[in-house]
Q: 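Here it is: the structure, laid out below.
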Amino acid sequence: MESEPLTLQLFIGTADDRLLRPHAFYQVHRITGKTVSTPSHEALHTNTKILEIPLLPENNMRAIIDCAGILKLRNSDIELRKGETDIGRKNTRVRMVFRVHINQNTGRTVSLQASSNPIECSQRSAQELPLVDKRSLETCPALGGERMRIDGHNFQHDSKVVFVEKAQGKTGGVLDS
DNA sequence: AGAGGAAAATAA
DNA sequence: TTATTTTCCTCT
């Protein structure tokens, strides 16, 4: 079957439990430069930007998506606009959504959509690891039976600490968020 | 121009 | 105050 050129649309979608929809606080950002191999671009609108990338038969209908970035909008700006009910605070996860509309000879159009895994866009959330400030015990019997109190940051109050054997004679605690 | 980091500014 | 966001700065 011979293929016709198609247009791949790319936009930034939500990543919460509700159904996939355009993310109000993020937009795709078209980036250019000599490191960008995909000559494709094109930005369209409807309150959410959409990158359009040509998929050509000569490229085996493939495209390297190195021309898309994710731009964060200022929360207050978005929350201001009428109709928007969501709040941006702590809503920092997105998914890249791809879709193509294929015109059939029958006159019908088939649309296909795929989305990426969630992407954490918050500098803080993305890189802060659990940090232990102090422990009430430095050592204790391997059999356990003692209580250790751990103070720190970036982990929940109900986090579990699992001790595993890392190497001969050495043990380490693993913080399980 | 961007990517990464980090300081400065705000929100809760 | 702490948590989180936004602005700034630097290195490629």
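Proteins get letters first, then strands, A, B, ... in listed order; numbering begins at 1 in each. The figures that follow rest on heavy atoms only: side chains count, while hydrogens, waters and symmetry mates do not. Because the structure is predicted, anything quoted here is derived from the model rather than measured.
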Q: Could you check how far CZ of A/Arg89 sits from P of B/dA9, rounded to whole Å?
A: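 Nearest whole value for this atom pair: 17 Å.
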Q: Between A/His101 and A/Ser111, what is the shortest heavy-atom contact and its length?
A: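 So the minimum-distance heavy-atom pair works out to ND1-OG, 2.6 Å.
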Q: Verify the contact: side-chain N or O of A/Thr92 to OP1 or OP2 of C/dT5, cut-off strictly under 4.0 Å; return yes or no.
A: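 No, because none of the side-chain N or O atoms of A/Thr92 sits under 4.0 Å from OP1 or OP2 of C/dT5.
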Q: Would you mind reading off the distance between A/Lys90 atom NZ and C/dA3 atom P, rounded to a whole angstrom?
A: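 That distance rounds to 10 Å.
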Q: For A/Arg99, what residues pass the side chain to side chain donor-acceptor pair (under 3.5 Å) criterion, not counting sequence neighbours?
A: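 Testing A/Arg99 for side chain to side chain donor-acceptor pair (under 3.5 Å), a comparison that skips the adjacent residues, returns A/Gln113.
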Q: Rounded to the nearest angstrom, tell me the gap between atom CG in A/Asn91 and atom P in B/dA11.
A: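 It is 17 Å, rounded to the nearest whole Å.
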Q: Check A/Ile53 against A/Ala63 and note the closest heavy-atom contact, atom names and distance.
A: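 Distance-wise, the nearest heavy atoms are CG2-CB, 3.9 Å.
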Q: Flag the pair A/Leu55 / A/Val100 as yes when at least one side-chain heavy-atom distance between them is below 4.5 Å, and no otherwise.
A: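 Yes, side chains in contact.
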Q: Going 5' to 3' along nucleotides 6-12 of chain C, which nucleotides have protein heavy atoms under 4.0 Å from the base (write B), which only from the sugar-phosphate (write S), and which from neither (write -)?
A: BS-----
Q: In terms of side-chain heavy atoms of A/His29, which of C/dT5, B/dG2, C/dT4 is nearest?
A: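 Looking only at heavy atoms from C-beta outward on A/His29, the closest nucleotide is B/dG2.
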Q: For A/Tyr26, check ring-ring contact (aromatic ring centres under 6.0 Å, His included) against everything at least two apart and list the hits.
A: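 Residues passing ring-ring contact (aromatic ring centres under 6.0 Å, His included) with A/Tyr26: A/His23.
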Q: Please report the distance, rounded to the nearest Å, between CG in A/Leu71 and C1' in B/dG4.
A: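 Between C1' of B/dG4 and CG of A/Leu71: 16 Å.
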Q: Nearest to the side chain of A/Ile31, heavy atoms from C-beta on, is which of B/dA3, C/dT5, C/dT4?
A: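 Selected nucleotide (nearest to the side chain): B/dA3.
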Q: Would you kindly give the CD1-to-P distance between A/Ile119 and B/dA3, to the nearest whole Å?
A: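 Atom-to-atom, A/Ile119 to B/dA3, this comes out as 13 Å.
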Q: Nearest whole Å is fine: how far is C/dT4 P from A/Glu120 CD?
A: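 Answer to the nearest Å: 11 Å.
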Q: Mind calculating the distance between CD1 (A/Ile87) and P (B/dT10) to the nearest angstrom?
A: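 Checked: the CD1 to P distance equals 19 Å.
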Q: Check step by step if side-chain contact (heavy atoms from CB on, under 4.5 Å) holds for A/Arg21 and A/Asp16.
A: CA-CA 10 Å; A/Arg21 65 209 144 79; A/Asp16 52 39; 2.7 Å; yes
